[in-house]
There are 2 protein chains.
Amino acid sequence: MKLNPIAQRFVLHWGEMGSKWGVNRTVSQIHALLYLAGKPMPADEIAETLDVARSNVSNSIKELQNWNLIQMVHVMGDRRDHFATSTDVWELFRTVVSERKEREFDPTIVVLRDCMNSADLSKEEAAVQRRIKETLELMQALSAWGDQMLKLDPATLMKVMKLGAKIQNLLLPK
Amino acid sequence: MKLNPIAQRFVLHWGEMGSKWGVNRTVSQIHALLYLAGKPMPADEIAETLDVARSNVSNSIKELQNWNLIQMVHVMGDRRDHFATSTDVWELFRTVVSERKEREFDPTIVVLRDCMNSADLSKEEAAVQRRIKETLELMQALSAWGDQMLKLDPATLMKVMKLGAKIQNLLLPK
DNA sequence: TTGATGTTTCTGTATTGACAGAAACTAATG
DNA sequence: CATTAGTTTCTGTCAATACAGAAACATCAA
């Protein structure tokens, strides 16, 4: 599969973005490719299109599966595993946010709670205790809010976002 | 300055977290340290406390300054520059989100817009064009929403978050 | 059961980024 | 203006990660 200039630019840029956010470049590129392709692709074709080693693709696919971002599917008359991602950008967005939250946000909350419950806490100055507590509270609030937002359907979520800062008008008269 | 066990745990964990999100470990550690310390510290004391090279601290401080996360201050009777960060976790949160957005989110929007305006776009399948468009739209919506949320004061923002999914009740009767 | 096709794991190399230590530089003080 | 205290930049080393290529493994069809 040969990429047109725009698709190429998209895939390459997505790879760079991924890097900046701690995602392996090849992993992001593969996902971008499958998203644009919009149809299942076998691993060897992915490797060829992106010009990376077959084994690299294999490992990256495993990673994407762990992130629930791609599914394995089969094509009639083809023995090979094919891989596909959702073409619904909202669904992808929510999957990414939810996975990241689970593996890189919630664990921090656990650590902070742990700190708050530790016997060692009394050794710290009151101000330090307060700051840890405030950090925990902010993160918990964000976490609970995030969970609820993720449950809303895209259309509602979009409405909420469109509302933007006007939301405070709905808030006050209460 | 010697760190108590809890402070140490906090600082180390913050460093790990940073790494996962593409922030240099020392940079995150220094920021965590200054946050907990709650008072200005000179570079050499930071280096000693975290047990890293003086030069490493110097570079990391520069990075934190670029992120608007720390300020240089001076202490009476001390020639050295001291560095301090806000102890308001909300302010920190907003600074980080806003800086990240500016340098790693908005540029992607620019690239996507560019793609949409490119003459090459017609070479792509209609479905590809649509997906790029949808991606751009989602990111623009998020960006605009983020800008507005960042302008709200912490208390309001907290109320919005507390409201959570109940927000859709305010939305429907409209 | 054997060859063909496809997948996964392993091993070594290369690249990147982090970091220490030294050297160079700058500014303040007497 | 030289000495001291402090900061920044530079250079080389180290560690982590990404990656290619090969080998091992699995599955299917004849």
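Here is how names work: the chains are called A, B, and so on, in the same order as the sequence lines, proteins then strands, and each is numbered from 1.
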Here the distance between atom P of C:dT9 and atom CG of A:N56, to the nearest Å, is 15 Å
Looking only at side-chain N and O atoms, does A:K62 come under 4.0 Å of OP1 or OP2 in C:dT9? yes
Test item: A:T85 side-chain N/O and A:L69 main-chain N/O as donor-acceptor pair under 3.5 Å: yes
Please state how far atom CD in B:Q29 lies from atom C1' in C:dC19, giving the value in whole angstrom units. 12 Å
If only side-chain N and O atoms of A:R54 are considered, is one of them under 4.0 Å from the OP1 or OP2 phosphate oxygen of D:dC19? no
Regarding A:R79, tell me which of base, sugar-phosphate or nothing describes its non-hydrogen contacts under 4.0 Å with the strands shown. base
side-chain hydrogen bond (donor to acceptor under 3.5 Å, both in side chains) partners for A:K123, two or more places apart: A:D120
Kindly confirm or rule out a cation-pi arrangement of A:R25 over A:W14, judged by NZ or CZ under 6.0 Å from the six-membered ring centre and within 45° of its axis? no
Parallel, tilted or perpendicular: rings of B:W90 and B:F93 (30°, 60°): perpendicular
Describe the nucleic acid contact of A:D44 in one word from base, sugar-phosphate, nothing, applying a heavy-atom distance below 4.0 Å. nothing
Does a donor on one side chain and an acceptor on the other come within less than 3.5 Å for B:E63 and B:N24? no
Whole angstrom is fine here: how far is it from CG in B:D78 over to C1' in C:dT29? 15 Å
Side-chain N,O (A:T26) to OP1/OP2 (D:dA18) below 4.0 Å: no
Mind calculating the distance between CG (A:L50) and C1' (D:dC19) to the nearest angstrom? 14 Å
Integer-rounded Å distance: D:dC25 P and A:D81 CG: 20 Å
Which whole-number value in Å describes the distance from A:N24 CG to C:dT16 P? 13 Å
Atom pair distance, as rounded to whole Å: CD1 in B:I46 and P in D:dT7: 10 Å
Under 4.0 Å between a side-chain N/O of A:S58 and OP1 or OP2 of C:dT7, yes or no? no
Can you figure out which of C:dA20, D:dA22, D:dC19 approaches the side chain of A:S55 most closely? D:dA22
Note: for A:N59 and B:D51 on DNA chain C, the residue whose nearest nucleotide lies more 5' is A:N59
Distance check needed: C:dT7 C1' versus A:H82 NE2, whole Å only. 14 Å
